[in-house]
Amino acid sequence: MSAAEAGVLDLRDEARAVELELDTYPDDLRGPAIGTWCGRMLNEYGSAGVFEALAAQLEETGFGEELARECLGFASEERRHGVLCGAVVEALGGSARAQTRAQAPFPAHPDAPPRAAVLRNVIHVCCMSETVAVSLIGAERLEMPEGPLRELLTGIYADEIGHARFGWRLLDAVGPSLTEAERNAVEAYLPVAFAHLEHHELLHLPLRQPPPDGDQLGLCAGSDARELFYDTLSSVIRPGLARFFKPDRVGEAHQVDEAHRVV
Ligand SMILES: [Fe+2]
Ligand SMILES: [Fe+2]
């Protein structure tokens with residue numbers, strides 16, 4: 001049976017095979033930590049499908065087999081991240097088995113020229129979501145004491161850096177040669193991508209205070225994480241995109257999210 005049949009993701013066998021043992025932690029962290037790492041398990045494993053779809057789109061639009069293969073490698077890494085998060089759940093005494101959430105279909109963007117359609121997805125997935133993941137996981141890792149959990153997170157962090165860089169590299173390679181029609185098509189999508197990113201991140205970063213010492217199991221304050229999210233938008237993602245796209249297209253969403261800033 002596959003790991004994700006019938007709306008249930010069951011990674012118990014793979015997760016137990018990791019044989020993760022955690023350092024001692026306060027018992028009251030167990031419940032919140034199981035919930036958090038189970039959510040991460042679903043998110044990480046679900047990201048594999050996104051990279052598989054991106055690989056197919058890259059190949060179909062003539063970006064070449066090598067880039068498509070790289071994306072398929074990212075899909076395997078995301079599956080592995082799911083297993084590693086499941087290993088944390090199991091090490092905490094929980095079960096690495098959970099109901100999967102409905103996922104939005106991967107957008108083909110038939111209204112855009114083919115290269116712009118790919119770039120829309122690369123920007124959304126790699127330059128936005130994966131770049132935010134690098135910030136959030138990097139900060140969480142810094143706050144975590146040395147030990148097996150930090151080591152596990154370091155491995156995930158290194159992979160996420162690769163996923164984000166893939167997008168920025170591709171944008172650097174393709175950005176300067178975009179036709180006006182391609183550039184317009186990407187720019188038209190940027191506010192949609194920013195809005196989607198913000199909605200998704202805020203949903204996963206609830207404004208709750210973690211229990212004291214939550215850092216040691218990766219339970220961070222939602223308000224700090226949201227602040228870091230907005231800092232990443234304004235100091236990394238927007239300037240990176242403004243090198244190729246009109247600042248007013250990159251900046252429009254800035255005013256929207258500044259107005260909704262909750263920190
Ligand atoms: Fe990941
Ligand atoms: Fe990733």
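The analysis underlying the following values was restricted to heavy atoms, covering all of them including side chains, and did not include hydrogens, waters or symmetry mates. Remember, it's 1-based here, ligands and their atoms both numbered in the order they're listed.
Across all their heavy atoms, E44 and I156 have their closest contact at OE2-CG2, 4.2 Å. Heavy-atom minimum distance, T61 versus P114: CG2-CB, 3.8 Å.
Taking the centre and axis of the six-membered ring of W168, the NZ or CZ atom of R165 falls outside the cone set by 45° and 6.0 Å. Figure legend: cation-pi geometry between R238 and F194, with NZ or CZ positioned under 6.0 Å from the six-membered ring centre and within 45° of its axis.
Looking only at its N/O/S atoms, E130 has OE1 as the one nearest to the Fe ion (ligand 2). Sorting the N, O or S atoms of H163 by how far they are from the Fe ion (ligand 2) puts ND1 first. Among the heteroatoms counted here (N, O or S) of E44, OE1 is the one nearest to the Fe ion (ligand 1).
Backbone or side-chain N, O or S atoms of E160 reach the Fe ion (ligand 1) at under 2.8 Å. Not one N/O/S atom of E77, from backbone or side chain, sits under 2.8 Å from the Fe ion (ligand 2). Between the Fe ion (ligand 2) and D159 there is no N/O/S contact shorter than 2.8 Å.
In this structure, CD on E77 lies 8.5 Å from CZ on F51, to the nearest 0.5 angstrom.
Angle ND1 (H81) to the Fe ion (ligand 1) to OE1 (E78): 90°, rounded to 10°.
Using a 4.0 Å cut-off between charged nitrogen and carboxylate oxygen, K246 and D248 do not count as a salt-bridge pair.
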